[in-house]
Q: 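Quick one: structure below, then a few questions.
Any value given below was found using the heavy atoms of this structure, including those in side chains, with hydrogens, waters and symmetry copies removed. What you are looking at is a predicted structure, and each value in this text was computed from that prediction instead of being measured. For this chain, numbers begin at 1 and follow the sequence in order.
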Amino acid sequence: MTDRSAGDVPERRGSRASGHGAERSSSRIAPPAEGGSRLRGVLAVLGVFVITLAGGALDSFLGVGLGTLTLVTLVAATAVATLLVRKRDLLTLVVAPPLVFVAVAAVNVGLAPSASLNLPTIATVLVRGFPTMAVATVVAVVVAVVRWAARR
């Protein structure tokens, strides 16, 4: 008589003797939709907004208005988010930079003690911020096209 402990008994998971074949167990697992990231576009845009808002706040604290630091944070956050988002949500990140910049500018003007939230103020911020929005959008388009082409 041999006394076997639980560690001596070989595992039989997935064997035919136990009735759980490999084909049967793998059919229960849903295949990944894209094999890539599962980050949704809405969460990516929210992340871009929060990071850009932090950069804009620091930019306003150090200088006057939204400047270079806002540009850098918007472009970097947009590039990273476009790399991490699901492929079907790439278009969301391509159109997001101008919208994110407008939202950050509105919050910035709204919270600034010396600025009043009116149409000329918003127009001035948007005209000054056009290069920032354009650069971030171009970066998003380039990254999205590269990801789209890599899928093909």
Q: Please answer: with hydrophobic residues joined when any side-chain heavy atoms are less than 4.5 Å apart, are Val146 and Val139 in the same cluster?
A: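 Per the 4.5 Å side-chain linkage, Val146 and Val139 are not co-clustered.
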Q: Check the hydrophobic clustering (I, L, V, M, F, W, Y; side-chain heavy atoms under 4.5 Å; chains of links allowed) and say if Val143 and Val95 are grouped together.
A: no
Q: Among Val85, Thr78, Thr92, exactly one meets side chain to side chain contact (heavy atoms under 4.5 Å, CB included) together with Val45. Which residue is that?
A: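 With Val45 as partner, Val85, Thr78, Thr92 yield a single side chain to side chain contact (heavy atoms under 4.5 Å, CB included), made by Thr92.
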Q: Between atom CG of Leu53 and atom CG of Leu111, what is the distance when rounded to the nearest 0.5 Å?
A: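 Output value for this atom pair is 8.0 Å.
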Q: Roughly how far apart are Thr82 OG1 and Asp89 CG, rounded to 0.5 Å?
A: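 Separation between the atoms: 11.0 Å.
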Q: Measure the CG-CG distance between Leu90 and Leu83 for me, rounded to the nearest 0.5 Å.
A: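 Result: 9.5 Å between the selected atoms.
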Q: Would you find a donor on one side and an acceptor on the other, under 3.5 Å apart, between the side chain of Arg38 and the backbone of Arg86?
A: no
Q: In this structure, which one of Leu66, Thr137, Leu71, Val48 forms a side chain to side chain contact (heavy atoms under 4.5 Å, CB included) with Phe101?
A: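 Exactly one option meets the side chain to side chain contact (heavy atoms under 4.5 Å, CB included) with Phe101, and it is Leu66.
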Q: According to a hydrophobic-cluster definition based on side-chain heavy atoms being under 4.5 Å apart (Ile, Leu, Val, Met, Phe, Trp, Tyr only), do Val102 and Leu93 belong together?
A: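 Val102 and Leu93: one cluster.
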Q: If we only count heavy atoms from C-beta on, is the Val100 to Val104 side-chain gap below 4.5 Å?
A: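 Of all side-chain heavy-atom pairs linking Val104 with Val100, at least one is under 4.5 Å.
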Q: Could you tell me whether the side chain of Asp59 and the main chain of Gly67 form a donor-acceptor pair under 3.5 Å?
A: yes
Q: When hydrophobic residues are tied together by side-chain contacts of less than 4.5 Å, even through go-betweens, does Val80 share a cluster with Leu39?
A: yes
Q: Quick check against the 3.5 Å criterion: does Thr73 have a side-chain atom that pairs as donor or acceptor with the backbone of Thr70?
A: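 Pair found, side chain donor or acceptor close to backbone of Thr70.
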Q: When you compare the side chain of Leu99 with that of Phe49, does any pair of heavy atoms fall below 4.5 Å?
A: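 Not in contact.
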Q: If two hydrophobic side chains count as joined below 4.5 Å and joins carry through other members, does Val94 share a cluster with Met133?
A: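 No, it is not one cluster - the side chains of Val94 and Met133 are not joined through contacts under 4.5 Å.
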